[in-house]
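Input: a single structure, listed below in C-alpha cells.
Small disclaimer: the values here were computed from a predicted structure and weren't measured. The chain is numbered in sequence order, starting from 1.
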Amino acid sequence: MATSDTAAEAATDVFEEHRSLLTGVAYRMLGRVTDAEDVVQEAWLRWSGADREAVREPRGYLVRITTRLAIDRLRQAQARHESYVGPWLPEPIATDFGHTVPDTAERAVLVESVSLAVLVVLESLSPLERAVFVLREAFGFPYGEIATALDRTEAAVRQLAGRARRHVDERKPRFEVDQRQRRDLTERFLAAAQGGDLEGLLALLAPDVRLIGDTDGKAKAPLRIMETADKIARFLTAVGRDSVPDPELIFAELNGGPAMVLFSAGRPDVVFSLDVADGRIQTIYIMRNPDKLTHLTELRPGDGDQ
C-alpha cells in the first residue's frame, strides 16, 4: 500500500511540475480557459492510468498527450464557431509576465504568443499548423520532438511551421509590447471615452483603427467589426455615457498586456484591451460574452488572490 501511495504521489509531483506548460500549450491551442483546463484534466487522467515506468521522458509524453487532446477539441470547437453570433475572440486570460518573466527576448515571445492579436490569427490555421506554431514559436520545442508529438515526419513539421509562421506574419496586426506605453494609452483612452471627449479619442486612434466586439449575441456590442477612427470615436463617446449598476473598474494584465475589466454589481461585465503601434491605438477589443468572463471574478479585490 505504501508503495502504491508513493507511486501516486510521484506521479502527481511530476504532473504538477509540468502543469503550467501543459496549460500554456492547451490555452494557445484553444483560446479558451475552460477548454484548456478540461484538456489538462484529461491529460492528468491519461497520465495517472499510464504505465509510467515505460515513459522515459515525462515532459515530452505529457506534451504529446495534451497536444493531441487539444487538436481533437479544436476540431470540435471550429464547428461551434460557425454558429457563433458576431466576431469571435479568445477568452481573456490573466497573465503575470510583468512580475515573473524578465524583460527579455523570451518574454517578448511569450507575450506575443498569448496576445489577442496572434490568437485571433491562429484561429485561421489548421489544427496541425496551430499545434506546430504553438510548440515551436511559443515554447521552442525542437522539430524532432514536435514530429514525435504529432506523429509526423520532421520534414512535414518543418513545412507546417514555415507555412504557419508566414501566415501569422502576414495577417497579424502590428502592435507594441512596451507595457508602459500600452498602459499610458489605455488610461488616456478610458478617460476620453468616459468623458465623452471626441477630439481626445481621435488623437489616440490610428486612422485605420478597428474595433472588434465579442458577445455571441448575449450582451450589447457591435455585431460586426467597426473601422475608421471617426466612426469608432463617435461610438465610444456614445456608449461611454451608458451606465451600469454598481460599476467598478480595475486594471489587470490579460494576455500579456494591460487591460481594463469593468465589473457591474460584483461581476465582470466587459473587458477592454488595446493593440498599440506608433503611439496610436490600432485595434480595440471589447469582450462582453458573459460565458468568457466568469473566471475573471477572482481579479476583483476582495474576491480572491490577485
Side-chain angles (χ1 to χ4, degrees), residues 86-95 97-98 103 107-108 111-112 114-121 171-215 219-244 247-264 268-289 292-293 296 299:
W88 182 94
L89 289 172
E91 189 173 317
I93 187 172
T95 52
F97 296 145
D103 194 5
R107 175 177 167 181
V111 168
E112 179 180 88
V114 79
S115 69
L116 294 177
V118 168
L119 289 176
V120 167
V121 176
R171 299 198 179 196
K172 75 176 181 182
R174 294 184 308 115
F175 65 96
E176 306 281 357
V177 296
D178 185 304
Q179 301 304 301
R180 287 187 295 272
Q181 183 185 48
R182 292 179 68 184
R183 173 68 182 251
D184 175 64
L185 279 174
T186 299
E187 292 177 343
R188 291 161 59 193
F189 166 84
L190 173 64
Q194 286 186 323
D197 182 1
L198 182 62
E199 293 303 317
L201 276 173
L202 287 171
L204 298 175
L205 302 178
D208 57 349
V209 63
R210 302 166 77 231
L211 184 150
I212 306 173
D214 179 333
T215 71
K220 292 176 64 176
L223 292 179
R224 293 182 176 85
I225 296 174
M226 295 183 66
E227 297 180 329
T228 77
D230 183 70
K231 184 181 295 185
I232 291 173
R234 294 183 185 281
F235 168 77
L236 290 171
T237 54
V239 299
R241 291 189 286 270
D242 292 346
S243 60
V244 298
E248 183 179 6
L249 188 73
I250 68 166
F251 278 87
E253 184 187 296
L254 302 180
N255 294 85
M260 299 168 289
V261 185
L262 176 64
F263 287 81
S264 176
D269 183 76
V270 58
V271 169
F272 296 93
S273 181
L274 312 175
D275 282 342
V276 173
D278 301 327
R280 294 283 191 93
I281 297 169
Q282 307 291 327
T283 310
I284 301 166
Y285 303 99
I286 298 180
M287 285 161 276
R288 294 203 71 188
N289 182 346
K292 294 184 178 181
L293 303 181
L296 297 180
L299 296 176

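- Among residues two or more places apart in sequence or in another chain, the side-chain contact (heavy atoms from CB on, under 4.5 Å) test is passed with Ala277 by Arg174, Glu176, Gln282.
- Rounding to the nearest 0.5 angstrom, the gap separating the NZ atom in Lys231 from the CG atom in Leu236 is 13.0 Å.
- The pair Arg188-Asp184 counts as a salt bridge, with a side-chain nitrogen and a carboxylate oxygen less than 4.0 angstrom apart.
- Distance check: Leu249 CG to Leu262 CG gives 6.0 Å after rounding to the nearest 0.5 Å.
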Verify side chain to side chain contact (heavy atoms under 4.5 Å, CB included) between Asp197 and Thr237, making sure each step is shown before the conclusion. CA-CA 7 Å; Asp197 182 1; Thr237 54; 6.0 Å; no
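- Checked against Arg288 for a side chain to side chain contact (heavy atoms under 4.5 Å, CB included), the options Val271, Asp269, Asp214 give a single hit: Asp269.
- For the residue pair Ala192 and Gly200, the shortest heavy atom distance occurs at CB-C, 4.2 Å.
- Closest non-hydrogen pair, Met287 versus Pro90, comes out as SD-O, 3.7 Å.
- Closest approach of Leu205 to Ala229, counting heavy atoms only: CD1-O, 3.8 Å.
- Legend: residues meeting side-chain contact (heavy atoms from CB on, under 4.5 Å) with Asp275, ordered by chain and number and at least two apart, are Ala117, Pro173, Phe175, Arg182, Thr283, Tyr285.
- Residues Leu293 and Val261 have side chains not in contact (no heavy-atom distance under 4.5 Å, counting atoms from C-beta outward).
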What's the verdict on side chain to side chain contact (heavy atoms under 4.5 Å, CB included) for Leu116 and Leu89, showing C-alpha distance, side-chain angles and the deciding distance? CA-CA 8 Å; Leu116 294 177; Leu89 289 172; 5.6 Å; no
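- Residue Arg280 comes nearest to Leu202 through the heavy atom pair NH1-O, 4.3 Å, listed as atom of the first residue, atom of the second, then distance.
- Residues Ile286 and Phe272 are in side-chain contact: their nearest non-hydrogen atoms beyond the backbone lie under 4.5 Å apart.
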Intermediate values then yes/no, side chain to side chain contact (heavy atoms under 4.5 Å, CB included), Thr95 and Ile93: CA-CA 6 Å; Thr95 52; Ile93 187 172; 4.3 Å; yes
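- Side-chain contact between Leu296 and Leu254 is present, with at least one heavy-atom pair separated by less than 4.5 Å.
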